[in-house]
There are 2 protein chains.
Amino acid sequence: MTTTSTNSGGPKARTGGEGGARRRGKGSPGLASERREHLVRLAAELFAEKGFQATTVRNIADEAGILSGSLYHHFDSKESIVDEILSGFFEEIMSAYRAVIDEGKEPRETIAGLVRIAFGTLEPHRAAITVMQNDWNYLKDMERFAYLTRAEDEVEKMWVSTIKAGQEQDVFRPDIDPKLTYRMIRDTVWVAVRWFKPGGRLNPQGLAEHYLKVMFDGINTH
Amino acid sequence: MTTTSTNSGGPKARTGGEGGARRRGKGSPGLASERREHLVRLAAELFAEKGFQATTVRNIADEAGILSGSLYHHFDSKESIVDEILSGFFEEIMSAYRAVIDEGKEPRETIAGLVRIAFGTLEPHRAAITVMQNDWNYLKDMERFAYLTRAEDEVEKMWVSTIKAGQEQDVFRPDIDPKLTYRMIRDTVWVAVRWFKPGGRLNPQGLAEHYLKVMFDGINTH
DNA sequence: GTCTATAGAATGATAGAC
DNA sequence: GTCTATCATTCTATAGAC
């Protein structure tokens, strides 16, 4: 098996223009052709719908109107496709999270910013989030997808430290468990991908505001 | 839209409807043998850990110390095993939910009761809940698992009508969306199965009380 | 109730023609 | 960039011996 780590540690330097002087290996993201990106999107929809393992390379090829063997002109393996889907999503959300943290606003504002970012990914990254949710257990133990766990750890630190800061500044209740509260917020946001329908009654930002309302003040009348 | 109708011909005899005694597969009609239940538990652990599709009948047989063919003395198919896992869980929780609704208490008490029941299943039904979460999309479209969607619909009605009643009685805020709020509560509870560890810092009832606190009153100081 | 043995189908992936 | 053709494996499930 190729050991070409598509996500070798460190931030990815988006070098160069479209000149294409440097062509990456088949299984690597970056400098992606339009055709390639189209195939990745098709695969993402199928992975989201049926699960990674239940989706066959023939399913993907059928959807693209080509034969399964032809897929291997673009990708090294089925795994490299899902890798491209997930790493793209994680790069984007991690970058957005870090930006909010770096603003250094007050805890309530920071938490709201994180929540809005998460809900904001629901539409553009619906398939990736679904795959992350459903196939996490299967993927997380593979060396290739170690970045999933690393990212999860970093995100947890962001949230938990913000919640704790809020408690110290007396804007969040002292009798909530920071780690537990983080997990519940995180899960509630992501799991919305299961029933969220683009173009429905509420858009992602409407969902975010509704959720922030409940999370900050509860459902009781006061 | 793949036709996953792997069932070789033959009448889809759906013996035993709702409310009746459940059908048992081959081998032990009526009485659920201890051996059989042991195998179901082993399979449930594997399904939860690796996903239904990624778990092979050989994996299950290995875990039981027998060969894969021998499993078919107890079960008709791999599907019938996961069916047994999920239907058992759903029968129990639906019955418990209905009991709370039938008590006819005030909305806040009823919601709390439903939340406590859900968290209470986390420990005894950890594997079943994990399978339900991760493999829902794959299973929900099969005729055999139509009861999943039926149960989901019934549960949604219970929660939504209770939340609405709470709004009419002015104990819940009028500016929350009942259906949306139900989904967020439901998802938050079930998804806890991903990180809940029996014997950890908090037991399921501790989780339930923590969540009720946040859900009713929010994380803000007041 | 388990094993031996295997059928029959599907799967991920490859090599080379065009 | 796609197709033809196919390999090696793995999968669910079956039949019959013990």
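Every chain is numbered from 1, with letters handed out A, B, ... down the list of sequences.
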Phosphate contact (C/dT2 OP1 or OP2) by B/R35 side-chain N/O below 4.0 Å
yes
Return the value, rounded to whole Å, for the distance between atom CZ of A/F52 and atom C1' of C/dG12.
10 Å
Across the strands shown, which category fits B/L67 at heavy-atom distances under 4.0 angstrom: base, sugar-phosphate, nothing?
base
Where the side chain of A/I66 is concerned, which of C/dG12, D/dT2, D/dA13 is the nearest nucleotide?
D/dT2
Contact class for A/T55 vs. all strands (heavy atom < 4.0 Å): base, sugar-phosphate, or nothing?
sugar-phosphate
When you check the side-chain N and O atoms of A/W136 and B/N134, is any donor under 3.5 Å from an acceptor?
no
Would you say the side chain of A/Q53 lies within less than 4.5 Å of the side chain of B/K50, judging by non-hydrogen atoms?
no
Between B/T188 and A/T188, a side-chain donor and acceptor under 3.5 Å:
yes
CD1 of B/I60 versus P of C/dT2: gap in Å, rounded?
14 Å
If you only use heavy atoms from C-beta on, which nucleotide in D/dC11, C/dC3, D/dT2 is closest to the side chain of B/T56?
D/dC11
Could you state the atom-to-atom distance from NE2 of A/H73 to P of C/dC18 in whole Å?
18 Å
A/L71 CG to C/dT14 C1', in whole Å, measures 14 Å
Should the side chain of A/R58 and the base of C/dG12 be counted as holding a donor-acceptor pair, with the cut-off at 3.5 Å?
yes
Whole angstroms only, please: what is the CG-P distance between B/D83 and D/dT12?
17 Å
Grab the CZ-C1' distance between A/F47 and C/dG12 for me, whole Å please.
12 Å
Length of the line joining A/Y72:OH and D/dC7:P, which is rounded to integer Å:
17 Å
Flag the pair A/I111 / A/W159 as yes when at least one side-chain heavy-atom distance between them is below 4.5 Å, and no otherwise.
yes
On DNA chain C, check which nucleotide each of A/A54 and A/S70 is closest to and give me the residue with the more 5' one.
A/A54
Atom CG of B/D62 to atom P of C/dC3: distance rounded to whole Å?
11 Å
Establish, from distance only, whether the side-chain atoms of B/S80 and B/D83 form a donor-acceptor pair under 3.5 Å.
no
